Amino acid sequence: MPPLDPVRFLAAMAELPAGVTVTTCRDGLGAPVGATLSAVTSLSLDPPMVLACFDRGSNTLKAAIEPGSPFLLHILAHGQEAIAMAFAGKGGEKFTGIPWSPGPLGLPEISGCAATLVCRVADLVPGGDHMIVTAHVVECHVADDPLPLVYHRRRLHPVPAAA
Ligand SMILES: Cc1cc2nc3c(=O)[nH]c(=O)nc-3n(C[C@H](O)[C@H](O)[C@H](O)COP(=O)(O)O)c2cc1C
């Protein structure tokens with residue numbers, strides 16, 4: 001078969017609804033860093049683990065993700081669209097204007113999320129132009145009622161209330 005047109009591949013994958021997360025951690029100098037990721041999923045229950053797929057060019061990946069390093073995984077809620085877009089950018093100003101404070105292990109914790117998981121990196125596995133990061137979940141907090149954000153057809157949507 002001829003090589004797959006990447007545009008067709010992207011169009012197909014845009015049909016797959018995904019949750020929206022922000023990973024935050026600290027770089028080698030202690031500065032807060034973070035990135036928006038939708039390629040995140042539950043991996044294991046015993047032990048509790050998740051996986052997150054980072055583009056190899058991610059500054060967050062390069063600065064702060066290695067075996068044993070901690071990070072927070074925030075599952076964004078409806079109303080946090082601006083946070084999703086802020087952490088999808090590049091550079092050091094992502095945290096400006098974002099409601100955050102030092103949380104577990106001193107990691108940057110964003111408030112108002114649907115859920116927040118405290119994670120520790122287990123492994124980095126190559127996956128094409130991404131790195132698959134597996135991580136142990138050591139603690140998590142679930143908010144009372146916010147609806148999560150969903151990324152579908154390249155746009156952010158709230159989960160319908162009936163869901
Ligand atoms: C809704 C949405 C989902 C995204 N999902 C991912 C993802 O799963 N993996 C990834 O590497 N980048 C993803 N991105 C792009 C990153 O957020 C973007 O490349 C960001 O600039 C990375 O920041 P960094 O280089 O500071 O780590 C996503 C962006 C958006 C808007």
Side-chain angles (χ1 to χ4, degrees), residues 13-14 16-44 48-143 146-152 154-159:
M13 294 312 296
L16 178 65
V20 184
T21 72
V22 170
T23 288
T24 59
C25 35
R26 292 194 182 266
D27 69 13
L29 298 174
V33 293
T36 298
L37 305 178
S38 59
V40 170
T41 188
S42 177
L43 172 63
S44 164
M49 294 182 78
V50 292
L51 70 77
C53 302
F54 286 79
D55 187 295
R56 287 174 186 257
S58 161
N59 293 324
T60 305
L61 172 73
K62 291 184 277 190
I65 301 293
E66 59 185 20
S69 63
F71 65 90
L72 294 184
L73 183 67
H74 304 84
I75 299 176
L76 296 191
H78 175 42
Q80 293 187 307
E81 290 85 349
I83 294 177
M85 297 322 294
F87 283 89
K90 294 283 180 193
E93 303 305 316
K94 296 188 189 190
F95 287 83
T96 305
I98 300 291
W100 73 278
S101 58
L105 307 172
L107 295 163
E109 183 172 24
I110 299 169
S111 57
C113 298
T116 305
L117 289 74
V118 185
C119 304
R120 195 171 287 281
V121 175
D123 241 324
L124 281 77
V125 182
D129 57 12
H130 278 55
M131 293 298 286
I132 304 161
V133 175
T134 66
H136 295 284
V137 180
V138 296
E139 188 52 86
C140 53
H141 170 74
V142 184
L147 294 172
L149 268 185
V150 171
Y151 191 54
H152 182 232
R154 303 185 180 97
R155 298 185 67 167
L156 298 166
H157 310 269
V159 167

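This chain uses plain numbering: 1 for the first residue, then up along the sequence. The structure displayed is predicted, hence computed values, not measured ones.
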Practice problem: Would you mind telling me which of Thr21, Ile75, Val40, Val138 makes a side-chain contact (heavy atoms from CB on, under 4.5 Å) with Leu117? | Solution: Ile75

Quiz item: Run the side-chain contact (heavy atoms from CB on, under 4.5 Å) check on Val133 and Cys53 step by step: do they pass?
Solution: CA-CA 6 Å; Val133 175; Cys53 302; over 6 Å; no

Self-check item: Approximate separation, where rounding is to 0.5 Å, of Ser42 OG and Leu51 CG
Solution: 8.5 Å

Quiz prompt | Full working for side-chain contact (heavy atoms from CB on, under 4.5 Å) between Arg26 and Val33 | solution = CA-CA 6 Å; Arg26 292 194 182 266; Val33 293; 5.9 Å; no

Quiz item: Just by distance, do the side chain of Ser44 and the backbone of Met49 share a donor-acceptor pair under 3.5 Å?
Solution: no

Quiz item: Looking only at atom types and distance, does a side-chain atom of Ser111 sit under 3.5 Å from a main-chain N or O of Pro99, one as donor and one as acceptor?
Solution: yes

Quiz item: How about Pro148 and Leu76: do any of their side-chain heavy atoms sit closer than 4.5 Å?
Solution: no

Quiz item: Which pair of non-hydrogen atoms, one from Ala88 and one from Thr36, has the smallest distance, and what is that distance?
Solution: N-OG1, 3.3 Å

Quiz item: Quick one: does Arg120's side chain have a donor or acceptor within less than 3.5 Å of a partner on His136's backbone?
Solution: no

Quiz item: Just checking, any donor-acceptor pair under 3.5 angstrom between side chains of Glu93 and Thr96?
Solution: yes

Quiz prompt | Validation row: Asp55, Leu61 side chains within 4.5 angstrom (heavy atoms) | solution = no

Exercise. Work out which heavy atom in Ser69 is nearest to a heavy atom in Ala64; give both atom names and the distance.
Key: OG-O, 3.0 Å

Quiz prompt | CG-SG distance between Leu73 and Cys140, expressed to the nearest 0.5 angstrom | solution = 10.5 Å

Quiz item: Can you check whether Glu139 reaches Pro104 side chain to side chain, under 4.5 Å on heavy atoms?
Solution: no

Practice problem: Could you tell me the separation between the SG atom of Cys25 and the CD1 atom of Ile65, rounded to the nearest 0.5 Å? | Solution: 4.0 Å

Quiz item: What are the two closest heavy atoms between Ile132 and Gly127, and how far apart are they?
Solution: CD1-CA, 4.2 Å

Quiz item: Is there side-chain contact between Ile110 and Phe87, with at least one heavy-atom pair below 4.5 Å?
Solution: yes

Exercise. Indicate the atoms forming the closest heavy-atom contact of Leu156 with Ala84, along with that distance.
Key: CD1-CB, 4.0 Å

Quiz item: Can Thr116 and Glu109 be said to form a side-chain contact (heavy atoms from CB on, under 4.5 Å), step by step?
Solution: CA-CA 8 Å; Thr116 305; Glu109 183 172 24; 4.3 Å; yes

Quiz item: Are Gln80 and His74 side-chain neighbours, meaning at least one heavy-atom pair lies under 4.5 Å?
Solution: no

Quiz item: Closest approach of Leu124 and Met131, non-hydrogen atoms and distance?
Solution: CB-CE, 3.8 Å

Quiz item: When you measure from the side chain of Arg56 to the backbone N and O of Lys62, does any donor-acceptor pair fall under 3.5 Å?
Solution: no

Quiz item: Would you say His157 has more than 12 foreign heavy atoms packed within less than 6.0 Å of its NE2?
Solution: yes

Quiz item: Measuring from Ser58:OG to His130:NE2, what's the distance to the nearest 0.5 Å?
Solution: 9.0 Å

Quiz prompt | Any Phe71 side-chain heavy atom under 4.5 Å of Thr24 side chain | solution = no

Quiz item: Within a strict 4.5 Å, meaning less than it, do heavy atoms of the Tyr151 and Pro17 side chains meet?
Solution: no

Exercise. May I ask you to decide if Gly34's main-chain N or O and Thr23's side chain share a donor-acceptor pair within less than 3.5 Å?
Key: no

Quiz prompt | Exam field: side chain Lys94 to backbone Gly89, donor-acceptor pair closer than 3.5 Å | solution = yes

Exercise. Taking all heavy atoms of Cys113 and all of Ala143, pick out the closest pair and write down the distance.
Key: O-CB, 3.3 Å

Quiz item: Do the side chain of Thr134 and the main chain of Asp123 share a donor and acceptor less than 3.5 angstrom apart?
Solution: yes

Quiz prompt | Lys90 vs Asn59 side-chain heavy atoms within contact, under 4.5 Å | solution = yes

